[in-house]
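To start, the structure under review is shown below, and the notes come after it.
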Protein chains: 4
Amino acid sequence: MTKNDWEQWVQYIAEQYDLDLNKKQTAKQKQILEAAIHIFSEKGYSGATTSEIAKKAQVAEATIFKHYHSKKGLLLRLVLPAISKVVAPFVLKPLFAILEEEKPAEKIVEDLIKDRVELIEKNQKLIRVILVESLYHPELKEALVNHVLKANAPEVAKRVQRLKEQGIIRADLPDYVVISGLISTVLAYLISTNLFAFMGTESDEQKIKYFADLFINGIVPRSTDLRPAEREERRES
Amino acid sequence: MTKNDWEQWVQYIAEQYDLDLNKKQTAKQKQILEAAIHIFSEKGYSGATTSEIAKKAQVAEATIFKHYHSKKGLLLRLVLPAISKVVAPFVLKPLFAILEEEKPAEKIVEDLIKDRVELIEKNQKLIRVILVESLYHPELKEALVNHVLKANAPEVAKRVQRLKEQGIIRADLPDYVVISGLISTVLAYLISTNLFAFMGTESDEQKIKYFADLFINGIVPRSTDLRPAEREERRES
Amino acid sequence: MTKNDWEQWVQYIAEQYDLDLNKKQTAKQKQILEAAIHIFSEKGYSGATTSEIAKKAQVAEATIFKHYHSKKGLLLRLVLPAISKVVAPFVLKPLFAILEEEKPAEKIVEDLIKDRVELIEKNQKLIRVILVESLYHPELKEALVNHVLKANAPEVAKRVQRLKEQGIIRADLPDYVVISGLISTVLAYLISTNLFAFMGTESDEQKIKYFADLFINGIVPRSTDLRPAEREERRES
Amino acid sequence: MTKNDWEQWVQYIAEQYDLDLNKKQTAKQKQILEAAIHIFSEKGYSGATTSEIAKKAQVAEATIFKHYHSKKGLLLRLVLPAISKVVAPFVLKPLFAILEEEKPAEKIVEDLIKDRVELIEKNQKLIRVILVESLYHPELKEALVNHVLKANAPEVAKRVQRLKEQGIIRADLPDYVVISGLISTVLAYLISTNLFAFMGTESDEQKIKYFADLFINGIVPRSTDLRPAEREERRES
DNA sequence: GATGAATGAGAGTTCATTCAT
DNA sequence: TATGAATGAACTCTCATTCAT
């Protein structure tokens, strides 16, 4: 089973770094982890120093090493559970839930974007660390690609299939195009709020609606007789 | 003027790091720059060491410092001209050219994606370095946001306006949504080829067509009486 | 008196390290001492770590410090009683006993070697620790030279005198030559079994006889009329 | 061939520690090596610190690591050439030379002891380091036992054979007993001068004579008609 | 009596940088 | 111009030791 695969793999990596991912974290350890997220996301793993993390966490440097054995151990102790707990179940379950619901395409996509954006914004620092560091640490890249993406893609593809069959989305695009398109729509929103903040002044709510609309209806004008409401009717008939 | 703004700013930064961005690079210097791109992109700026770069470039470590004065100087000597020369003219000019041409939306978007993808693939390492390091070096982030994006956005927006007026693209979406959407369509393609490589087996050419199609027409089914060909007619009328 | 000297000195050192050398050792403490002997002998005092000793002894690191107060305290708690109990009485008494007995030189020397070799082999690790660490810890060196050697030398010298007077050993060699020669004969045996193991295949018993013979009769051939048996007669006449 | 064996082995170890044993040492490097010998012999390898060595050598700590890469590299850079150059040729050649000469046993043994003692005293610190550290570093132990002892033992044994055939030494003792005995005679001298210094007041010259005499003639009295001079005659007849 | 958690001090090692040649 | 040698500062990590429980 997929889940066991992932768990075994995490276990294996954790053992290599002598980490116990299940052990309850004491108050001080939580301070360390928080400080580490903060500083890793600000300076990158290599740019961060354990002494800085220790200072921010208000513990002695040695305490970090007592608990996590090495700087890399600390990184993994941050990132692996985040991938496990955040990316895997917490991430995918709501996604599936949303895809399951019976509602118009617009609403589905809007909900998806909103949901993902919230998730990203709540875990911004961690996600930045995971994405950037997976460029430099092959184990992390493997974790993401093989154990998260590959493992969950079939399940997602299944939902996409259903939507296609229901006529909610186009059947002539391959699954991966749909999925990549959805992901990139989330990215589009993030790009617009981060890089083009100087251009748009609408509420975030409204922005999300725009990007959902773009993803749903495309960039070219539609004939007026096919506004969303009508499609809705069509689908139901 | 925009361009002068940028150039002055680059000049200012270059001076701070005692760099002459115009001086012709000798063979050895080119070896150093190439080695640096390679290693910076593989390990990140902080994770790279000058000694490793020197070894790869087959020069003495001191040689690097003779030419670029500091590690950061080396980074900037790589990154600033890249932004100047690659991002600014080479990047934007073909983009403008494509947007200028009189051809159907599909073709325009396809050409845009193809053009950008080529650009990205040819300069992969450099782009990775620029993007990642701009997270950690405020000057770089400023360079990108203020001096590249902000400076060029109006020009791009102007073309978008024209396309809207011509009825080629929808007029009801704000410019920044269109632009972000376009960028993210390029990203969608890159995501699909890099992360979901295991799913799609089509040719790259075909993949690009799919993403262009998605961007153009959206994810929901269109009524059959509005297939691209027809829209084409409509627009012409 | 000699013995008191030594005891006072040990007492003084023990106090400095806050050790009670007489207190009965609990099971855990014995585990610690055994683990310490093992690891000190394998890695040397400086190379050993308290955490390693604790792990091998299956106690918490803090427990070691509860009992012995410091790493050096642990070393001394091992080494001082060993010198006291092993080196001093247990070592010298049988030696004196052997020297006291009325038997031919061969037998005396053989018995001496056998006795010492057994002692060394049984206490190998401890002896290694004592010898090596006395190179680096002046108190230990002092203990050995002043309180063991100097203190017991006169007594040994007295026995040597007697043997000389009895004509059992040559009278023309100074006492210290005889004593050093005897010690080095034991060493010769140890060297041969440890370093030249690949050369000799005889039984240990036989090897000891050879070294005793060498020590007794020397390396050059004796005239046949003076084989051991005859000397025996001579001496008795 | 023996010699190549050793050289290959040294080469292999040196490579593992990234050492170039042939490179000429600069003045600073010689200072470092000398300081290292001194401090390693005083405190043992583990007890010595690189910072202390650097201070004594009057160089920056980093300089040590530039040249020897690690503390262990420094140890090996000291010890391997010492074994190669000192132990192997310089040690064995004079030994062979002495064994080759045509002179009475007494003179041979005296010369051997004198020669070895000089060698040991001149290289005291280095020898102490080699012997003690070979207890803790398996590579060093292997170097000594397999590559020095085993490799040279046959050659030494050959000379011993010759001496036996010439009637200079007893034929009834195995070679390894003779060799171990000879080594331990040197040790006997060293023990007497180091540990029993308080007993003997003779000149070193005289002490050596005593130990040579003990080794040659043994500890029991000889019949007067077999004093050395006579044996000499005997042998010649 | 025993221990888990914590730590100050310092160890070995790396790194960007300088300088004489 | 190019470099080998050298280094101060900082970094990761270890160690003996303490203390609250």
Side-chain angles (χ1 to χ4, degrees), chain A residues 23 25-29 31-32 46-54 57-74, chain B residues 26-29 31-32 45-54 57-74, chain C residues 26-29 31-32 45-54 57-74, chain D residues 23-29 31-32 45-54 57-74:
Chain A
K23 211 194 265 172
Q25 303 290 99
T26 67
K28 287 223 162 147
Q29 290 175 51
Q31 288 168 40
I32 293 172
S46 293
T49 73
T50 50
S51 100
E52 200 182 358
I53 294 170
Q58 308 207 60
V59 298
E61 218 175 334
T63 308
I64 295 178
F65 289 92
K66 259 269 130 72
H67 292 306
Y68 309 107
H69 306 300
S70 69
K71 194 185 174 191
K72 180 100 180 235
L74 175 57
Chain B
T26 67
K28 281 214 165 154
Q29 290 175 51
Q31 286 167 39
I32 293 172
Y45 171 78
S46 293
T49 73
T50 50
S51 100
E52 200 182 358
I53 293 170
Q58 312 208 55
V59 299
E61 220 175 333
T63 308
I64 294 178
F65 289 89
K66 262 267 126 66
H67 293 306
Y68 308 105
H69 306 299
S70 71
K71 192 186 174 190
K72 182 100 181 234
L74 176 57
Chain C
T26 67
K28 281 216 166 153
Q29 291 175 51
Q31 285 167 41
I32 294 171
Y45 172 78
S46 293
T49 73
T50 50
S51 101
E52 200 184 358
I53 293 170
Q58 310 207 56
V59 299
E61 219 176 332
T63 308
I64 294 178
F65 289 90
K66 262 268 128 63
H67 293 306
Y68 308 106
H69 307 298
S70 70
K71 193 186 174 191
K72 181 96 181 237
L74 176 56
Chain D
K23 210 194 266 170
K24 258 266 176 118
Q25 303 291 100
T26 68
K28 285 222 162 143
Q29 289 175 51
Q31 286 167 42
I32 293 171
Y45 172 77
S46 293
T49 75
T50 49
S51 101
E52 198 183 0
I53 293 170
Q58 309 208 59
V59 299
E61 217 174 333
T63 308
I64 294 179
F65 289 92
K66 260 268 129 77
H67 293 305
Y68 308 107
H69 306 298
S70 68
K71 194 187 174 190
K72 180 101 181 234
L74 176 57

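Since the model is a prediction, treat every value here as computed from it, not as a measurement.
The two residues B:Ile64 and B:Val59 make their nearest non-hydrogen contact at CG1-CG2, 4.3 Å. Contact record, C:Phe65 with C:Lys71: CE2-N, 4.1 Å, taken as the closest heavy-atom pair. Contact record, C:Ala60 with C:Ala54: C-CB, 4.0 Å, taken as the closest heavy-atom pair. The minimum heavy-atom distance linking C:Ala57 with C:Gln31 is given by the pair O-OE1, 2.6 Å.
When heavy atoms are screened at a 4.0 angstrom cut-off, C:Thr26 is found touching no nucleic acid atom at all. C:Ala54 comes within 4.0 angstrom of nothing in the nucleic acid, heavy atoms only.
Of the residues near DNA chain E, A:Ala27 and C:Thr63, the one whose nearest nucleotide (by heavy atom distance) lies more toward the 5' end is C:Thr63. In terms of position along DNA chain E, the nucleotide closest to B:Gly47 lies nearer the 5' end than the nucleotide closest to the other residue of the pair B:Gly47 and B:His69.
Listed by chain and residue number, B:Ser51, B:Glu52 satisfy the side-chain contact (heavy atoms from CB on, under 4.5 Å) test with B:Thr49 (two or more places apart in sequence, or in another chain).
Using five terminal pairs a side, the axes of the helix from E:dA2-F:dT21 to E:dT21-F:dA2 at its two ends make an angle of 10°, given in steps of 10 degrees.
Within 6.0 Å of CD on A:Gln58 lie no more than 12 heavy atoms contributed by other residues, nucleotides or ligands.
Bracketed by its first and final contacts, the part of DNA chain F lying under 4.0 Å from non-hydrogen atoms of chain C reaches from F:dC15 to F:dC19 in 5' to 3' order.
In terms of phosphate contacts, D:Thr50 brings a side-chain nitrogen or oxygen within less than 4.0 Å of OP1 or OP2 of E:dG12. Distances shorter than 4.0 Å separate none of the side-chain N or O atoms of A:Lys66 from OP1 or OP2 on E:dG4.
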